[in-house]
Amino acid sequence: MTAPLSATTGALPIEPGASRELSFAEALREAMGQALEADDRVFLMGEDIAIYGGAFQVTLGLLERFGHDRVMDTPISELGSAGVAVGAALAGMRPILEFQFQDFATLAMEQIVNQAAKIRYMFGGKCSVPVVFRAPTGSGTGGAAQHSQSLEAWYAHVPGLKVVQPSNPHDAKGLLLAALDDPDPVMFFEHKLLYKMKGPVPEAPYRVPIGKAAVVRQGTQVTIVASAIMVSRSLEAAAILAEKGIDVEVIDLRTLRPLDTETIIASVKKTTRLMCVYEGAKTLGIGAEIAAMIAESEAFDYLDAPILRLGGAEVPIPYSPVLEKAAVPQVADIAAAAERLANKRV
Amino acid sequence: MTAPLSATTGALPIEPGASRELSFAEALREAMGQALEADDRVFLMGEDIAIYGGAFQVTLGLLERFGHDRVMDTPISELGSAGVAVGAALAGMRPILEFQFQDFATLAMEQIVNQAAKIRYMFGGKCSVPVVFRAPTGSGTGGAAQHSQSLEAWYAHVPGLKVVQPSNPHDAKGLLLAALDDPDPVMFFEHKLLYKMKGPVPEAPYRVPIGKAAVVRQGTQVTIVASAIMVSRSLEAAAILAEKGIDVEVIDLRTLRPLDTETIIASVKKTTRLMCVYEGAKTLGIGAEIAAMIAESEAFDYLDAPILRLGGAEVPIPYSPVLEKAAVPQVADIAAAAERLANKRV
Amino acid sequence: MTPTAQDVSAPGEAAPPSDRPANPPRAFSVFSAAELQTALKKMYLIRRFEEAAEDAYQRGLTYGTMHLSIGQEASAVGACLPLGPSDYITSTHRGHGHCIAKGADPARMFAEFSGKETGYCHGRGGSMHIADVENGNLGANGIVAGGIPIAVGAALAIKKRGLPNVALCFFGDGAANEGAFHEALNIASIWKLPVIFVCENNKYAMSTSIERALSVKNVADRAVAYSMPGVIVDGNSLTDMADAVMAAIERARAGLGPTLIESKTYRIRGHSRSDRNRYRTKEEIESWVARDPIDRFEVELIAHGLATAAECLAIREAAEAEIAAAVKFSNDSPLPDAADILRGVHTPAEAKP
Amino acid sequence: MTPTAQDVSAPGEAAPPSDRPANPPRAFSVFSAAELQTALKKMYLIRRFEEAAEDAYQRGLTYGTMHLSIGQEASAVGACLPLGPSDYITSTHRGHGHCIAKGADPARMFAEFSGKETGYCHGRGGSMHIADVENGNLGANGIVAGGIPIAVGAALAIKKRGLPNVALCFFGDGAANEGAFHEALNIASIWKLPVIFVCENNKYAMSTSIERALSVKNVADRAVAYSMPGVIVDGNSLTDMADAVMAAIERARAGLGPTLIESKTYRIRGHSRSDRNRYRTKEEIESWVARDPIDRFEVELIAHGLATAAECLAIREAAEAEIAAAVKFSNDSPLPDAADILRGVHTPAEAKP
Ligand SMILES: Cc1ncc(C[n+]2csc(CCOP(=O)(O)OP(=O)(O)O)c2C)c(N)n1
Ligand SMILES: Cc1ncc(C[n+]2csc(CCOP(=O)(O)OP(=O)(O)O)c2C)c(N)n1
Ligand SMILES: [Mg+2]
Ligand SMILES: [Mg+2]
């Protein structure tokens with residue numbers, strides 16, 4: 001398991017000699033570079049990932065190192081590209097397909113959900129589809145309604161998929177390498193606001209296991225379950241509340257499917273209060289599953305307050321910064337809600 | 001509100017003179033026929049809906065009555081057809097687009113979710129997109145993994161959409177006419193196993209309001225929330241449990257977005273036990289939202305047991321009938337689970 | 001391989017060399033009589049398989065939907081004749097023919113069709129999802145055009161791995177109006193991938209005739225939009241199909257990229273179980289029944305001295321027996337165990353490569 | 001309308017009739033000098049609007065992304081010149097030009113670009129979603145090719161309502177590889193809808209050149225796949241664009257269906273904020289700067305006696321003043337109220353028709 005993030009910075013403590021500071025984007029790039037080096041079957045596909053280095057520069061420089069055969073610009077054809085990735089995976093390759101924004105993967109749902117996720121099962125378990133679909137997600141960059149969505153919950157609803165969403169550079173690298181090892185399709189979501197986040201990242205390849213959450217801050221009074229950018233926001237909120245004497249535990253989901261129910265249940269039994277913080281629309285966002293899972297688990301009996309969900313507002317993401325900020329949980333919202341929850345009693 | 005369904009047959013009591021028995025498919029057909037008659041702006045689009053009458057014969061005979069201009073066969077182009085419907089709606093028409101199976105709407109997610117659902121908001125509330133997307137859903141016909149999905153929860157996660165799913169012929173007609181009145185996009189899901197279900201349907205046009213659930217069986221010990229085929233299955237289960245002295249209340253959601261939280265909360269406060277029954281994959285299926293909503297509502301304090309979810313198994317729908325049945329809740333499963341829940345105590 | 005004396009040495013009515021038609025199809029000089037007779041047998045296997053499926057349906061023994069390709073056997077078998085086991089195909093909802101043509105075992109197919117544990121997919125897939133990945137069949141597909149980009153991906157893998165193989169992609173006329181068709185053909189063209197697009201144009205997508213849905217006269221007319229050859233073939237002629245695919249394979253192997261082949265054919269049966277045939281005339285159907293692809297291939301084989309009538313009869317009877325045995329195998333097979341429902345969703349940890 | 005004496009009566013250097021070039025563009029006999037001068041003004045408005053947007057960005061005053069169409073003004077204005085307010089357009093992520101060309105108010109556009117409550121979308125949409133539905137502009141679109149089927153739908157509504165209008169659909173070369181393009185053009189063709197597809201081929205989709213992404217030489221070459229005319233136009237010539245669109249409108253009005261027009265043009269600026277111009281040469285860019293569409297139209301107007309140099313200068317200055325005022329209007333405008341965030345998701349009950 002990863003070392004817990006420091007509560008104030010969201011950064012991992014540096015193990016001397018083992019790692020340097022890299023940005024989230026650099027960590028992903030390093031993972032892809034190492035995978036391309038280690039395994040002939042790995043190749044990258046995506047719109048403008050070669051010369052341009054990707055819309056968020058995640059693949060910058062990989063073309064120069066690996067050439068156009070391994071770092072392939074696709075036409076603007078999300079559905080076709082996804083199908084090509086599925087076919088290549090079935091025929092022995094290990095493609096990584098980058099969607100330029102998660103919003104555009106809506107064009108490829110057919111291939112992701114009807115083909116990639118189901119082929120192994122439909123074919124009686126006789127083959128597998130080792131493909132990694134990467135996509136930048138979330139709001140905060142002024143992208144407005146069609147460039148800011150957080151539809152992770154859709155994929156987490158689909159049997160046959162795994163869904164991963166790192167919150168820091170260390171996990172970004174380790175989860176991407178784990179996704180590449182996985183014989184089944186993995187959705188890999190990268191929050192745009194994290195790309196520039198710096199943190200310690202060991203140079204040698206390593207894996208962060210899919211399906212394992214991390215307790216990134218220990219606490220006793222309230223459990224906050226979050227992922228992606230909401231982890232650092234929740235840690236910031238926890239630091240604020242610590243000053244008020246409220247002791248918050250923060251869990252970084254890291255994997256949205258399969259959920260690490262064990263870690264969450266254990267935490268809720270300890271703290272007796274649960275809050276889910278997520279950016280997707282509140283209704284049926286990932287927090288709905290976590291709340292429902294706890295409400296039917298053995299942890300239910302331990303709950304000392306209703307389960308609070310702080311999700312995205314029920315709107316398409318608006319453009320104007322003042323509205324855009326109001327559309328998703330910010331540090332102050334999280335702190336205020338957690339404080340309310342800590343003071344609530346059944 | 002609709003009169004409660006009879007507990008044993010799932011049929012509405014006949015008001016003499018006011019209605020005849022129609023099948024669910026006939027009720028939908030009657031609603032579309034009346035809308036086509038009443039409003040020039042209404043027209044139907046879809047694959048094989050004209051001469052063929054639709055894969056499930058729902059539009060059978062409408063071509064003969066209204067001609068090819070109002071009942072339009074489309075090429076097999078789900079994304080394009082959805083976009084055409086959106087554009088026609090923006091330009092003053094009221095299209096109804098039938099997807100042949102809900103599974104194929106995965107090809108049209110872009111237009112449904114990025115365009116139809118968001119245009120009004122993105123454009124500052126200056127226009128609306130009055131389109132109804134109809135689609136047969138669910139398993140039970142041997143359609144296997146790509147013809148049996150229940151992805152309603154996806155749409156219910158999307159701000160800007162309304163999502164409707166009738167459980168009987170009466171509501172099918174009334175909800176479809178209400179959907180057509182609605183100035184905003186409505187997803188209309190029809191469970192395939194219901195098409196042949198018969199029930200009383202008034203002849204004159206009427207509306208069943210979107211956003212209103214129905215208590216279809218009054219009870220005191222357990223609340224079951226269900227929709228579509230799961231309503232009649234839950235009523236059957238309730239009848240079995242009644243013989244064992246367990247008194248179950250059954251709520252038919254009818255609308256999945258927006259949820260009628262009031263009706264559900266009131267019921268849970270009364271019964272103190274909640275079970276959600278749904279066909280989609282358990283994880284992040286519609287029951288996740290209902291459980292989470294109750295777990296954070298004022299009803300939380302009233303709960304005498306964990307909230308139980310009986311959702312679909314975490315598999316693509318298998319072909320073989322023995323597996324297909326096992327993949328989604330059946331009457332016996334519901335009865336057994338509700339009985340367990342009734343006997344549970346915190 | 002040209003036919004050897006041995007291949008045509010069977011007794012009976014094979015036409016003497018002097019009587020044989022001029023300009024034999026190229027397939028007749030490339031494949032041995034034995035290979036061509038195997039192709040005939042595959043056509044009979046397909047026909048009988050689907051008649052048996054129909055029979056099972058009429059007797060209430062099956063469950064899901066099914067799409068029969070009766071009348072289209074030449075297209076499937078002719079297209080697959082030049083392929084080896086390391087070449088890939090992707091198929092469609094109407095895929096029994098492609099699957100048998102690519103070499104699948106009808107018994108395990110019938111078991112799959114019947115939802116049995118012994119089926120190709122252990123009963124998880126059914127008629128619309130039969131796959132035989134080991135034999136290069138990447139599966140039937142319930143999604144119209146769903147297999148097209150997948151075939152392109154398989155061709156990309158072939159190219160990346162430096163293999164001499166091709167991926168051949170079957171789809172219908174209706175699929176040519178899907179966005180996936182467009183995106184896949186564009187990608188295959190710009191990357192010059194070894195893929196062969198075989199559109200089986202049977203004039204209808206369900207009830208919708210090409211005249212009402214397709215903005216060109218021939219699907220092959222769309223090839224120019226992707227700078228690839230567009231070839232129209234009589235899909236009821238096994239040898240025409242095989243010849244066209246051979247040319248496309250050569251092109252692909254030479255690094256020149258994809259070919260679009262339009263196989264003009266006809267499905268004799270309805271679209272699926274639910275078809276009430278409101279959209280085509282009896283006359284049209286009968287005119288195509290008269291162009292039966294199996295009869296036609298038999299006549300051709302005999303005319304060219306590649307089989308005798310007696311051999312053809314024997315082949316047909318062998319196919320009938322094989323399907324009868326397949327049905328029996330299926331009937332004798334167990335249903336899956338419901339407790340096993342989750343098996344196959346994910347690759348088990350221990351199987352990870 | 002041919003130019004009247006009044007139209008060309010302004011003082012100064014308008015070429016005398018005897019010196020005017022032979023074979024004037026058709027647009028010059030259809031539109032009045034005043035209308036043509038308005039077109040010139042719109043080109044200047046677009047140019048200045050985008051320069052102001054760029055300036056705001058460089059000064060850190062803006063927020064989201066933006067896609068500038070500097071260099072493509074003739075394409076937008078020429079295509080919209082023959083349209084009236086009841087004709088529809090759909091636009092793209094690179095939509096400022098289309099929007100102004102269709103008659104939008106630059107002040108409300110700049111306010112929208114700046115996320116202000118007074119913007120076209122009350123700050124909800126931003127640069128990529130500016131719409132002006134009352135003027136027939138069904139909106140910019142953040143999804144490449146997203147507007148293509150929407151335009152076809154608008155054309156379907158026009159046809160159903162028996163109106164004489166058209167829907168004109170702008171999209172880029174990159175969009176021509178999306179499935180939506182294919183499906184929409186096929187539907188428009190089979191239903192013979194009054195829609196005009198205008199592909200603005202500026203040689204690149206972001207960093208990806210057409211040579212690497214498009215399987216044909218010209219996007220217009222794909223028209224044959226949909227049995228519609230495919231017309232290649234010099235997109236830097238306003239009159240060539242207008243003439244091509246007029247012909248397409250006539251075809252549409254005659255019930256003959258859609259036309260695909262390929263406007264060959266070039267974007268001078270980078271794709272968006274994040275573009276570091278790694279994929280094209282300075283020389284290429286400069287060669288296109290030399291083909292400036294505004295200069296070119298001015299020269300043409302003057303040569304044909306439709307405007308004087310002084311008039312052109314005045315038009316340019318008026319456009320500059322209008323954009324300066326637009327920026328001021330925007331700067332003076334309030335931001336939306338966060339409490340209002342939910343407004344506009346659904347049509348309020350009382351507004352239901
Ligand atoms: C994406 C998608 N849309 C619709 C369907 C329903 N459907 C199944 S087969 C079919 C007709 C296909 O026609 P064609 O491609 O010509 O193949 P054919 O059936 O004639 O062999 C349709 C509409 C589907 N399976 N997938
Ligand atoms: C479906 C989709 N895929 C990708 C993008 C990201 N993107 C925005 S513009 C663009 C390039 C578009 O190229 P083109 O159509 O030629 O228009 P241009 O930018 O050249 O005007 C891309 C890839 C998008 N917005 N939508
Ligand atoms: Mg067909
Ligand atoms: Mg371009």
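Letters A, B, ... are given to chains in the order of the sequence lines, protein chains preceding strands, and every chain is numbered from 1.
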Taking all atoms of both residues into account, what is the closest heavy-atom pair of [X] and [Y], and its distance?
| X | Y | result |
| --- | --- | --- |
| D/Ile187 | B/Gly80 | CD1-C, 4.1 Å |
| D/Val345 | B/Arg120 | O-CD, 3.8 Å |
| D/Leu156 | B/Met72 | CD1-CE, 4.0 Å |
| D/Ala154 | B/Ala91 | CA-CB, 3.9 Å |
| B/Val84 | D/Trp191 | CG1-CZ3, 4.5 Å |
| D/Ile341 | B/Tyr121 | O-OH, 2.6 Å |

Distance from [X] atom [atom1] to [Y] atom [atom2], nearest 0.5 Å?
| X | Y | atom1 | atom2 | value |
| --- | --- | --- | --- | --- |
| D/Leu138 | B/Leu90 | CG | CG | 5.5 Å |
| D/Lys159 | B/Met93 | NZ | CE | 12.5 Å |
| D/His182 | B/Ser77 | NE2 | OG | 7.0 Å |
| B/Leu107 | D/Glu183 | CG | CD | 7.5 Å |
| D/Met128 | B/Met122 | CE | CE | 10.0 Å |

Practice problem: Check the pair B/Gln111 / D/Ile150 against side-chain contact (heavy atoms from CB on, under 4.5 Å), numbers first and verdict last. | Solution: CA-CA 9 Å; B/Gln111 282 289 336; D/Ile150 294 176; 3.7 Å; yes

Exercise. Please confirm whether D/Lys160 makes a cation-pi placement over B/Phe43, using NZ or CZ under 6.0 Å from the six-membered ring centre and within 45° of the ring normal.
Key: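 Yes.
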
Exercise. Check whether D/Ile190 gets within reach of chain B through its side chain, its backbone, both or neither, counting any heavy atom under 4.5 Å.
Key: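 For D/Ile190, side-chain heavy atoms alone lie under 4.5 Å from chain B.
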
Practice problem: May I have the step-by-step check of side-chain contact (heavy atoms from CB on, under 4.5 Å) for D/His122 and B/Lys126, ending in yes or no? | Solution: CA-CA 10 Å; D/His122 302 301; B/Lys126 298 246 181 70; 3.9 Å; yes

Quiz item: Does a side-chain heavy-atom distance below 4.5 Å link D/Asn141 with B/Gln115?
Solution: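 Yes. Closest side-chain heavy atoms under 4.5 Å.
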
Practice problem: Please look at B/Ile119 and chain D and tell me whether the side chain, the backbone, both or neither of the residue comes under 4.5 angstrom of a heavy atom of that chain. | Solution: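 The side chain, not the backbone.
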
